[in-house]
Amino acid sequence: MNLPAPGSSPIRVRFAPSPTGMFHVGGARSALFNWAVAKRAGGTFVLRIEDTDAARNKPEWTSGILTAMASLGMHAEDPTFEGPYFQSANASLHTEAAQRLYTQGAAYYCDCTREDVAARTANAQTGYDGHCRERGLAYAAGRALRFRTPDEGETQVIDLIRGNPTFLNAVLEDFVIARGDGSAVFLLANVVDDISMRITHVIRGEEHLPNTPKQQLMWRALGVEPPTWAHLPVIVNERRQKLSKRRDKVALEDFLADGILPDAMVNYLMLLGWSPGNDEEILPFETLIERFDIAGVNSASAFFDVKKLTSFNGEYIRAMSTQEFIKACGPWLVAPHAPWTPEQFDEAAFAAIAPHAQSRLALLSDITNNVDFLFLDAPVDDAASWDKAMKEPAPALLADVRTALAGLETWQAEPLKELVTEVGAAHGLKLGKAQAPVRVATTGRTVGLPLFESLEVLGRERALTRIDAALTKLSA
RNA sequence: GCCCCGUUCGUCUAGCGGCCUAGGACGCCGGCCUUUCACGCCGGUAGCACGGGUUCGAAUCCCGUACGGGGUACCA
């Protein structure tokens, strides 16, 4: 393991995800909070991949984590970013530490089987009963190493978020720190890694809080003062259960693939469990970092509200320049998202219509349906829209519009609007009603981008062809 | 069972003993604007889990209760 030179930076926070093949939004928030703490304090952000189960780990999972973090602005190129390190690379240090604890008398070997323990402790309130504590067993294959927890006193955890929870040492069982084959378990490995990387702040999910007193005991047994902890509240679904990848949508990449902008995601995630102050919520990441205080993070679990995320996204979309917006739409203008071919796509037409789309989208992925009428040979066939718009007096109106359109001098939004207004009036219809059949005939849908701007971009020829097709369909 | 954590509008939160007639944001509802749908603007709805204390005064401090969550593996 490639360790940093000592004394290089005052604060070192570590983010330690396990590679699972997907980057969870909860993990993303945790990474962001770690990152913010490191940045804010001018310290170092250390990324350590907990690849303990190397057999099940796949290299692409690790790169997936790196890619996901980079998409949110946490780049390995950043001078305050250190790593990634791999837990598996530190294995020899882990077993050394276990050895040391045994030599010191802080740990002892135990040959009890799970069944033995269960039979003896059936009615007890704590787990392991300390059966082998004083037996003086030496190491032998199959014997686990247990940490000798104190019988009295209490262990106080210094936690920036939840005050300082204290645990009675008496209820801490003598937990296993190394398996029968000599390898260290996660609990110990973590402590050894954090010590060897000189971590000063551990910010992680609250599911680790009950482990913390055990880890603190090990830090001290290893001769090092424990770090400062911060246990983040979990993120829950609408049923108040911890977000699970089996039942909930939690993959960061899924949200990005749906057209959530990374900046919007970062902004939203930073506000889950924390608030930058009284008023504004939409703030650039730099400002959020400036105001961030891990001690101000709430201790209650928070619901991941996709609606609010989406609303933020809409604001971010509207804040972009037209050029940025056009660029951001890129992925949704080609297959598999778009139903048209590259040959059918018209860059200039898209650029012309883009500003009208930008002001009304909440999700980038919605761009496809909004502009498909420009690139498909015929408007989409939407029966509901057709039935709604093509009632009487639509046929007669459409025929009149068609005739007038053919003779229109300048094919531009303003004159087009005047024309439909006039024809509509002749049929006793306000523009709101009169535009509907024209819209459905040319775009296929009852709702969409501003009609006359759309027609302008569509062009006279295609507009007339489509209206003719609609008239034919109506008379059939 | 045992241990730990939590509880302010539906949701995310502000609040850290008087500024609270509890503020903002998302959602929802209504209105304006309007070529549909949106955007934008204006307005509205709705909350301190419950019960005891402490205090001149409590959403804020303490103790219970209830309800939620997490942990309790030779998993991570």
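Per chain, numbering begins at 1; letters A, B, ... match sequence-line order. All values reported here derive from a predicted model rather than from experimental measurement.
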Undergrad: For a quick check under 3.5 Å, do D116(A) and H131(A) share a side-chain donor-acceptor pair by atom type?
TA: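 No, H131(A) and D116(A) have no side-chain donor paired with an acceptor closer than 3.5 Å.
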Undergrad: Could you check how far CZ of F303(A) sits from P of U8(B), rounded to whole Å?
TA: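 The distance from CZ of F303(A) to P of U8(B) comes to 15 Å, rounded to the nearest Å.
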Undergrad: Using the P atom in both, what is the distance from C9(B) to G15(B), to the nearest Å?
TA: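 One P to the other, the span is 16 Å.
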Undergrad: Describe the nucleic acid contact of A300(A) in one word from base, sugar-phosphate, nothing, applying a heavy-atom distance below 4.0 Å.
TA: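 Here A300(A) touches the backbone only, sparing every base.
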Undergrad: Tell me whether R240(A) forms a cation-pi arrangement with F303(A), defined as NZ or CZ under 6.0 Å from the six-membered ring centre and within 45 degrees of its axis.
TA: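 Checked: cation-pi criterion not met.
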Undergrad: Does C19(B) pair with anything, Watson-Crick or G-U wobble, both distances under 3.5 Å, and if so, with which nucleotide?
TA: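 Pairing partner, where one exists within any strand: none, as none qualifies.
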Undergrad: Please give, in whole Å, the distance from U72(B) P to Y128(A) OH?
TA: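 These atoms are roughly 19 Å apart.
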Undergrad: Please report the distance separating the C1' of U7(B) from the corresponding atom of C28(B), rounded so that it comes out in whole Å.
TA: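 So the two C1' atoms sit 24 Å from each other.
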Undergrad: What is the base-pairing partner of G30(B), counting Watson-Crick and G-U wobble geometry with both distances under 3.5 Å?
TA: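 Paired with C42(B).
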Undergrad: Should the heavy atoms of other residues, nucleotides or ligands under 6.0 Å from CZ of R135(A) be counted, would the total exceed 12?
TA: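 More than 12 within 6.0 Å, yes.
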Undergrad: Considering only the C1' atoms, how many Å lie between A22(B) and C48(B), rounded to the nearest integer?
TA: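 My reading of the C1' atoms in A22(B) and C48(B) gives 8 Å.
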Undergrad: Select from A184(A) and L271(A) the residue whose nearest nucleotide in RNA chain B is closer to the 5' end of that strand.
TA: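 Residue closer to the 5' terminus by nearest nucleotide: L271(A).
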Undergrad: Mind checking who G1(B) pairs with, Watson-Crick or G-U wobble, both distances under 3.5 Å?
TA: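 Its partner is U72(B).
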Undergrad: Looking only at the side chains, is there a donor atom on one of N237(A) and D248(A) sitting less than 3.5 Å from an acceptor on the other?
TA: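 A pair is found: one side chain offers a donor N or O, the other an acceptor, under 3.5 Å apart.
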Undergrad: Could you check whether F167(A) gets within reach of a base, just the sugar-phosphate, or nothing at all, counting any heavy atom under 4.0 Å?
TA: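 Since only primed, P, OP1 and OP2 atoms lie under 4.0 Å of F167(A), the category is sugar-phosphate.
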Undergrad: At less than 4.0 Å, is any side-chain N or O atom of R114(A) found next to OP1 or OP2 of C74(B)? Yes or no.
TA: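 True: R114(A) side-chain N/O within range (under 4.0 Å) of C74(B) OP1/OP2.
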Undergrad: For K249(A), is the NZ atom crowded, meaning more than 12 foreign heavy atoms sit under 6.0 Å from it?
TA: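 Check passes, neighbour count above 12.
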Undergrad: Which nucleotide wins on minimum distance to the side chain of V234(A), given the candidates C26(B), G69(B), A76(B)?
TA: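 Of the options given, the side chain of V234(A) lies nearest G69(B).
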Undergrad: Near RNA chain B, which residues from residues 235-246 of chain A have a heavy atom under 4.0 Å away?
TA: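 Heavy-atom contacts with RNA chain B come from R240(A), K242(A).
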Undergrad: Please report, rounded to the nearest Å, how far the C1' atom of C4(B) is from the CD1 atom of I158(A).
TA: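 My rounded result for the distance is 16 Å.
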Undergrad: Of all heavy-atom pairs between Q241(A) and R247(A), which one has the smallest distance, and what is that distance?
TA: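 Heavy-atom minimum between the residues: CB-NH2, 3.5 Å.
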Undergrad: Got a second to check how far I203(A)'s CD1 is from I161(A)'s CD1, nearest 0.5 Å?
TA: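 The CD1 atom of I161(A) is 7.5 Å from CD1 of I203(A), to the nearest 0.5 Å.
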Undergrad: So what does G142(A) hit on the nucleic acid, given a heavy-atom distance under 4.0 Å: a base, only sugar-phosphate, or nothing?
TA: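 Base: the residue G142(A), judged by heavy atoms under 4.0 Å, touches a nucleobase.
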Undergrad: Holding to ring-ring contact (aromatic ring centres under 6.0 Å, His included), I want the full list of residues that pass it with F147(A), two or more places apart in sequence or in another chain.
TA: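 Listed in chain order: F175(A).
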Undergrad: E280(A) CD to U13(B) P: how many Å, rounded?
TA: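 Taking CD of E280(A) and P of U13(B), I get 18 Å after rounding.
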Undergrad: Would you kindly give the NZ-to-P distance between K308(A) and C12(B), to the nearest whole Å?
TA: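 Whole-Å distance recorded here is 10 Å.
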Undergrad: My understanding is that only residues two or more places apart in sequence, or in another chain, count here; which of them pass ring-ring contact (aromatic ring centres under 6.0 Å, His included) with Y109(A)?
TA: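 Checked Y109(A) against ring-ring contact (aromatic ring centres under 6.0 Å, His included); matches are Y102(A), Y139(A).
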Undergrad: Considering only G71(B), C75(B), C26(B), which nucleotide approaches the side chain of E207(A) most closely?
TA: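 Output: G71(B).
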Undergrad: Do E281(A) and K308(A) meet the salt-bridge criterion of a basic N to acidic O distance under 4.0 Å?
TA: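 Salt bridge present between K308(A) and E281(A).
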Undergrad: In whole angstrom, give me the gap between the P atoms of A58(B) and G51(B).
TA: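 It comes out at 14 Å once rounded to the nearest Å.
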Undergrad: Provide the Watson-Crick or G-U wobble partner of U54(B), both distances under 3.5 Å; none if there is no partner.
TA: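 Pairing partner: none.
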Undergrad: Looking at K388(A) and D382(A), is any side-chain nitrogen of the basic one under 4.0 Å from a carboxylate oxygen of the acidic one?
TA: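 No, no charged N to carboxylate O under 4.0 Å.
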Undergrad: CD1 of I161(A) versus C1' of U7(B): gap in Å, rounded?
TA: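 The answer, rounded to whole Å, is 17 Å.
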Undergrad: Tabulated below should be each protein N or O lying under 3.5 Å from an N or O of nucleotides 40-51 of chain B; please produce it.
TA:
residue	atom	partner	partner atom	Å
G40(B)	OP1	R318(A)	NH1	3.3

Undergrad: If you look only at distance, which donor and acceptor atoms sit under 3.5 Å apart when one is on a side chain in residues 15-27 of chain A and the other is two or more places apart or in another chain?
TA:
residue	atom	partner	partner atom	Å
T20(A)	OG1	M22(A)	O	3.1
H24(A)	ND1	G26(A)	N	2.7

Undergrad: Counting only side-chain heavy atoms from C-beta out, which of G27(B), A76(B), U13(B) sits nearest to A302(A)?
TA: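 When the side chain of A302(A) is considered, U13(B) is the closest of G27(B), A76(B), U13(B).
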Undergrad: In whole Å, what separates the P atom of U45(B) from that of G53(B)?
TA: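 That atom pair is separated by 34 Å.
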Undergrad: By nearest heavy atom, map R29(A) and V176(A) onto RNA chain B; which one lands nearer the 5' end?
TA: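 First, find each residue's nearest nucleotide; the 5'-ward one identifies R29(A).
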Undergrad: Using a 90° cut-off around 0 for syn, call C39(B) syn or anti.
TA: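 It is syn.
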Undergrad: Record whether the side chain of E206(A) comes under 3.5 Å of the base of G6(B) through a donor-acceptor pair of N or O atoms.
TA: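 No.
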Undergrad: Given the P atoms of C29(B) and U34(B), what is the spacing between them in whole Å?
TA: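 It comes out at 23 Å once rounded to the nearest Å.
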Undergrad: What is the ring orientation for F325(A) with F350(A), classed by angle as parallel under 30°, tilted 30 to 60°, or perpendicular over 60°?
TA: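 Parallel: the ring planes of F325(A) and F350(A) meet at under 30°.
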Undergrad: Could you state the interatomic distance from OG1 (T446(A)) to CE (M390(A)), rounded to the nearest 0.5 Å?
TA: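 Interatomic distance, T446(A) OG1 to M390(A) CE, rounded to 0.5 Å: 9.5 Å.
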Undergrad: Distance only, no hydrogens: is a donor on one side chain within 3.5 Å (strictly under) of an acceptor on the other, for S365(A) and D258(A)?
TA: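 Short answer, no.
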Undergrad: Using purine N1 to pyrimidine N3 plus N6-O4 or O6-N4 for Watson-Crick, or N1-O2 and O6-N3 for G-U wobble, each under 3.5 Å, what pairs with C67(B)?
TA: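 Paired with C67(B), as far as the under-3.5 Å criterion goes, is G6(B).
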Undergrad: Among C74(B), G70(B), C12(B), which nucleotide sits nearest the side chain of R146(A)?
TA: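 From the listed options, C74(B) comes nearest.
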Undergrad: For the C1' atoms, the ones on C74(B) and on U13(B), what distance do you get once it is rounded to whole angstrom?
TA: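 Here C74(B) and U13(B) have their C1' atoms 44 Å from each other.
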Undergrad: Report the distance from atom CG of L269(A) to atom P of A25(B), rounded to the nearest whole Å.
TA: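 After rounding, the reported distance stands at 22 Å.
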Undergrad: Enumerate the protein-to-nucleotides 30-36 of chain B contacts in which both atoms are nitrogen or oxygen and the separation is below 3.5 Å.
TA:
residue	atom	partner	partner atom	Å
U35(B)	OP1	K417(A)	NZ	2.9
U35(B)	O2	L451(A)	N	3.3
U35(B)	O4	E453(A)	OE1	2.9
U35(B)	O4	E453(A)	OE2	3.2
U36(B)	O4'	Q435(A)	NE2	2.9
U36(B)	O2'	T446(A)	O	3.3
U36(B)	N1	R439(A)	NH2	3.3
U36(B)	O2	G448(A)	N	2.8
U36(B)	O2	G448(A)	O	3.2
U36(B)	N3	R439(A)	NH2	3.2
U36(B)	N3	G448(A)	O	2.5
U36(B)	O4	G448(A)	O	3.4
U36(B)	O4	P450(A)	N	3.1

Undergrad: In whole Å, measure the gap between the C1' atoms of G47(B) and C12(B) for me.
TA: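 These two C1' atoms come out 13 Å apart once rounded.
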Undergrad: Do any side-chain nitrogens or oxygens of N298(A) fall under 4.0 Å of OP1 or OP2 in A14(B)?
TA: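 Answer is yes, contact under 4.0 Å.
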Undergrad: Can you tell me which nucleotide in C12(B), C75(B), C5(B) comes closest to the side chain of R179(A)?
TA: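 Taking heavy atoms from C-beta onward, the closest nucleotide is C75(B).
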Undergrad: Expressed in angstrom and rounded to an integer, what is the separation of F312(A) atom CZ from G24(B) atom P?
TA: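 Rounded to the whole Å, the gap is 16 Å.
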